[in-house]
Amino acid sequence: MSVESSNAPNFLSNQIREEISNGQTQHIVTRFPPEPNGFLHIGHAKSIWVNFSLAEQFGGRCHLRFDDTNPAKEEEQFVQSIQQDIQWLGYRWSGEVRYASQYFDQLYEWAIHLVKQGLAYVDDLSAEQMREYRGTLTEPGRPSPYRERSVEENLDLLERMATGEFGEGEKVLRARIDMASPNINLRDPVLYRIRHAHHHQTGDKWKIYPSYDFAHGQSDAIEGITHSICTLEFEDHRPLYNWMLEHLPVPARPRQIEFARMNVNYTVTSKRKLRLLVEKGIVNGWDDPRMPTISGLRRRGYTPASLRHFCEMTGVARSANVVDIAMLYSAIRSDLEENAPRAMCVLNPLKVVLTNVAEDHEEQIEAAGHPAREDMGTRILPLARELYIDADDFMEEPPKKFFRLAPGKEVRLRNAYVIKCDEVVKNDDGSIKELRCSVDFDTLGANPEGRKVKGVIHWVSAEHGVPVEVRNYDNLFTVEAPDKFKDEQEFLANLNPESLSVTEGIGEPSLRDAQPEDHFQFERVGYFCADRFDHGDNGKLVFNRTVSLKDGWAKAQKKAAQAGQQG
RNA sequence: UGGGGUAUAGCCAAGUGGUAAGGCACCGGUUUCUGGUACCGGCAUUCACAGGUUCGAAUCCUGUUACCCCAGCCA
């Protein structure tokens with residue numbers, strides 16, 4: 001199955017197509033505007049996909065612009081990690097990386113312009129006072145006592161704010177719009193605030209920094225953005241976005257369009273909660289394979305194509321949504337089913353002795369790298385007298401329809417022979433020590449005579465197998481909507497204690513050649529990815545479970561158990 | 001309660017007056033040296049609800065309900 005884009009229609013592409021057909025739009029320019037104050041997560045991936053794929057679809061361009069108007073919260077490390085994540089996802093922005101901070105000079109000029117028009121004023125109210133004056137959802141606000149300052153005084157004060165004469169919080173520049181507007185965002189929003197902070201791009205040049213509302217639309221206009229796509233919570237800001245463009249001599253008139261942000265169940269994307277998980281040591285950093293960050297997903301073994309496909313399959317609309325994480329699993333499985341080479345790895349070893357194989361016997365079996373892809377070549381599977389199979393693949397007293405190994409039963413060793421279990425050898429405590437089996441030598445690449453062996457199990461030669469560390473990952477939360485908990489304790493009470501379990505397994509020898517970030521399907525088990533950082537350290541082989549294979553047998557067993565309980 | 005939005009299956013989602021796409025999940029079956037994959041079939045007589053217009057309504061009109069967002073000098 002292909003995981004590449006088929007450009008399913010959505011309300012954004014429909015609208016742009018219509019604009020192009022009626023001549024309203026000639027070309028399109030979009031932008032992805034992250035604030036460099038944290039790591040990108042799966043929700044950002046959606047926004048990246050929306051902006052880049054729309055531009056691509058209509059032969060336009062997409063810019064990367066850091067929305068860096070708040071030096072108190074931003075860091076250079078994030079401007080680096082964000083660029084890496086975008087590139088890893090497979091996107092290249094048009095031109096150089098841009099920063100809203102590049103436009104600070106222009107923005108400041110425009111602030112002066114507004115003041116001169118009588119459309120902005122310097123306010124001395126404290127933050128608390130401003131809140132009181134703003135009114136409530138149902139009551140109009142009241143004008144600040146400083147609202148009627150003269151243009152001259154405002155100009156003077158603004159300049160002195162900019163030169164650092166006042167302390168943080170002493171004054172702000174506000175737009176003069178309407179303190180009684182039913183839209184609270186229009187009740188004289190703050191345009192500039194004083195911050196005596198070092199900025200990662202502009203250093204110590206500025207003492208005042210523009211607010212989002214004063215920077216975003218103008219930055220879009222400067223860059224010639226045609227479609228400024230953002231999430232629904234900015235809808236109430238659109239009148240303000242347009243107000244700025246109407247009252248300023250901007251070079252272009254971009255339009256803001258909102259879409260619903262994507263949520264995924266069994267995970268969180270709130271920055272505060274993500275940070276809490278890292279700081280409390282619940283996960284091992286921002287790129288822990290359980291994190292929904294792009295770097296975490298990457299380390300877990302998600303591929304760029306699978307993430308793009310996931311974005312596409314979940315669509316773009318305006319209704320609040322919570323996507324089932326099963327869709328994410330589906331996206332990565334379909335990519336890896338096609339593109340991951342196969343290997344065998346025993347996670348829970350049970351020794352098997354092949355009694356009719358000589359002590360010194362050793363043979364090399366050639367197996368396909370992928371059952372449907374000759375281009376993936378072959379690998380060698382050594383076979384000798386002793387081997388390991390997974391303990392789950394043997395049952396002393398099997399239920400009906402158990403197609404694996406059991407006393408007196410036959411099973412096929414994947415890519416090799418059919419064997420029969422002749423004897424179960426036990427330890428003193430009654431646990432199983434090993435299985436003694438006999439090989440049917442006529443079954444290599446051939447079906448046995450006169451009977452059908454339905455089961456196929458994976459195995460690894462005891463002498464040749466290589467030890468591997470396998471990290472099995474699962475959802476971080478046991479509840480569908482962990483984001484709904486506001487209280488920290490309540491939130492943390494829903495962590496999945498089994499989100500990580502590490503086991504020592506035995507892999508086929510070819511796994512020794514695996515490079516960090518190589519993907520594999522461990523046959524009959526799941527998809528795994530050699531850890532980006534730990535794999536290969538001191539010769540240790542470390543594999544992360546990206547996602548398990550679907551398990552029809554487990555599902556049937558579970559259903560049978562439930563039916564048994566009820567009946 | 002003021003303003004702004006959204007309601008189509010368990011979850012996403014197309015559909016814009018002509019008789020409910022697709023995907024995920026789920027349920028059957030076929031194939032299979034992965035209980036995987038692939039393939040075949042099933043899964044909304046109805047689109048939040050109630051009226052109305054129309055030959056015909058998820059789409060238009062009226063009303064109602066539910067849910068989401070907004071009272072940072074965050075974005």
Side-chain angles (χ1 to χ4, degrees), chain A residues 1 6 8-11 14 33-35 37 67 69-70 72-73 123 125-127 130-132 134-141 168-174 181-187 189-195 208-209 211-213 215-216 230-239 258 260 262 265 271 312-331 333-334 337-338 342 344 367 371-372 401-404 412-416 418 443 445-447 453-458 480 521-526 548-557:
Chain A
M1 175 184 175
S6 62
N10 59 59
F11 81 98
N14 286 162
E35 182 185 19
N37 69 345
D67 220 337
T69 58
N70 189 352
K73 296 191 169 181
D123 197 344
L125 252 28
S126 69
M130 258 184 76
R131 194 182 321 123
E132 285 162 27
R134 187 153 37 228
T136 68
L137 294 180
T138 51
E139 306 156 26
E168 293 192 5
E170 277 183 37
K171 288 181 167 47
V172 291
L173 181 72
R174 289 230 255 174
S181 172
N183 180 346
I184 291 185
N185 296 117
L186 260 21
R187 320 240 262 228
V190 169
L191 267 25
Y192 267 100
R193 69 293 213 204
I194 298 170
R195 287 278 179 280
I208 58 173
Y209 290 91
S211 63
Y212 166 87
D213 288 309
H216 205 97
C230 63
T231 44
L232 248 28
E233 66 268 29
F234 290 99
E235 194 152 20
D236 289 341
H237 291 247
R238 194 170 63 219
E258 312 83 16
M262 177 181 70
N265 64 187
K271 214 158 258 177
E312 165 141 14
M313 69 198 277
T314 51
V316 187
R318 285 173 63 87
S319 56
N321 63 83
V322 184
V323 171
D324 192 335
I325 197 164
M327 277 214 226
L328 225 204
Y329 299 154
S330 167
R333 282 192 186 113
S334 69
E337 159 60 27
E338 184 179 333
R342 310 289 129 122
M344 290 197 285
K401 291 199 174 171
F402 182 77
F403 303 135
R404 283 112 94 151
R412 172 174 295 278
L413 294 179
R414 171 81 174 154
N415 291 121
V418 168
T443 55
N447 286 127
V453 174
K454 183 153 175 147
V456 179
I457 64 174
H458 52 103
E480 277 205 44
Q521 181 194 100
F522 288 172
E523 288 189 286
R524 302 209 315 127
V525 181
S548 66
L549 244 36
K550 283 202 252 178
D551 190 345
W553 171 247
K555 191 188 282 184
Q557 290 303 100

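The sequence lines fix the lettering, A, B, ..., with proteins before strands; numbering per chain opens at 1.
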Mind checking the [atom1] distance from [N] to [M]? Whole angstroms is fine.
{"N": "B:C24", "M": "B:U54", "atom1": "P", "result": "43 Å"}
{"N": "B:A48", "M": "B:A66", "atom1": "P", "result": "16 Å"}
{"N": "B:U8", "M": "B:A57", "atom1": "C1'", "result": "14 Å"}
{"N": "B:G3", "M": "B:C55", "atom1": "P", "result": "37 Å"}
{"N": "B:A13", "M": "B:A58", "atom1": "C1'", "result": "14 Å"}
{"N": "B:C43", "M": "B:G28", "atom1": "P", "result": "15 Å"}
{"N": "B:U62", "M": "B:C27", "atom1": "P", "result": "45 Å"}
{"N": "B:U37", "M": "B:A25", "atom1": "P", "result": "9 Å"}

Can you figure out which of [options] approaches the side chain of [X] most closely?
{"X": "A:Lys550", "options": "B:A25, B:A75, B:G72", "result": "B:A25"}
{"X": "A:Arg134", "options": "B:C74, B:G72, B:U34", "result": "B:G72"}
{"X": "A:Glu523", "options": "B:G35, B:U34, B:A75", "result": "B:U34"}
{"X": "A:Ala317", "options": "B:C26, B:A14, B:A71", "result": "B:A14"}
{"X": "A:Arg193", "options": "B:C12, B:U34, B:C74", "result": "B:C74"}

Heavy atoms under 4.0 Å, any strand shown: does [X] hit a base, just sugar-phosphate, or nothing?
{"X": "A:Arg412", "answer": "base"}
{"X": "A:Pro140", "answer": "nothing"}
{"X": "A:Ala416", "answer": "base"}
{"X": "A:Ser126", "answer": "base"}
{"X": "A:Leu125", "answer": "base"}
{"X": "A:Phe234", "answer": "base"}
{"X": "A:Asp236", "answer": "base"}
{"X": "A:Arg131", "answer": "sugar-phosphate"}
{"X": "A:Glu258", "answer": "nothing"}
{"X": "A:Asn415", "answer": "base"}
{"X": "A:Arg342", "answer": "base"}
{"X": "A:His216", "answer": "nothing"}

Exercise. For RNA chain B, whose closest nucleotide is more 5', that of A:Val453 or that of A:Thr136?
Worked result: A:Val453
For this session: Would you kindly compare A:Val525 and A:Asn265 by the position of their nearest RNA chain B nucleotide and give the one closer to the 5′ end?
Result: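 First, find each residue's nearest nucleotide; the 5'-ward one identifies A:Asn265.
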Short question: side chain of [X], backbone of [Y] - any donor-acceptor pair under 3.5 Å?
{"X": "A:Asn183", "Y": "A:Asp236", "result": "yes"}
{"X": "A:Thr443", "Y": "A:Val418", "result": "yes"}
{"X": "A:Thr231", "Y": "A:Glu233", "result": "no"}
{"X": "A:Arg193", "Y": "A:Glu168", "result": "no"}

Does a side-chain N-to-carboxylate-O contact under 4.0 Å join [X] and [Y]?
{"X": "A:Arg318", "Y": "A:Glu235", "value": "yes"}
{"X": "A:Arg342", "Y": "A:Glu337", "value": "yes"}
{"X": "A:Glu523", "Y": "A:Arg414", "value": "yes"}

For this session: Return yes when atom NZ of A:Lys401 has more than 12 non-hydrogen atoms of other residues, nucleotides or ligands closer than 6.0 Å, and no otherwise.
Result: no
Nearest-angstrom distance from the residue atom [atom1] of [X] to [atom2] of [N]:
{"X": "A:Arg238", "N": "B:G3", "atom1": "CZ", "atom2": "P", "result": "17 Å"}
{"X": "A:Ile325", "N": "B:G23", "atom1": "CD1", "atom2": "C1'", "result": "17 Å"}
{"X": "A:Arg187", "N": "B:G2", "atom1": "CZ", "atom2": "C1'", "result": "8 Å"}
{"X": "A:Phe402", "N": "B:G35", "atom1": "CZ", "atom2": "P", "result": "11 Å"}

Using Watson-Crick or G-U wobble geometry with both distances below 3.5 Å, tell me the partner of [N], or none.
{"N": "B:G35", "result": "none"}
{"N": "B:U53", "result": "none"}
{"N": "B:A13", "result": "none"}

For this session: Would you indicate, yes or no, if B:A13 has its OP1 or OP2 atom less than 4.0 angstrom from a side-chain nitrogen or oxygen of A:Ser319?
Result: yes
Exercise. Any stacking of A:Trp553 on B:G35, going by centres under 5.5 angstrom and planes within less than 30 degrees?
Worked result: yes
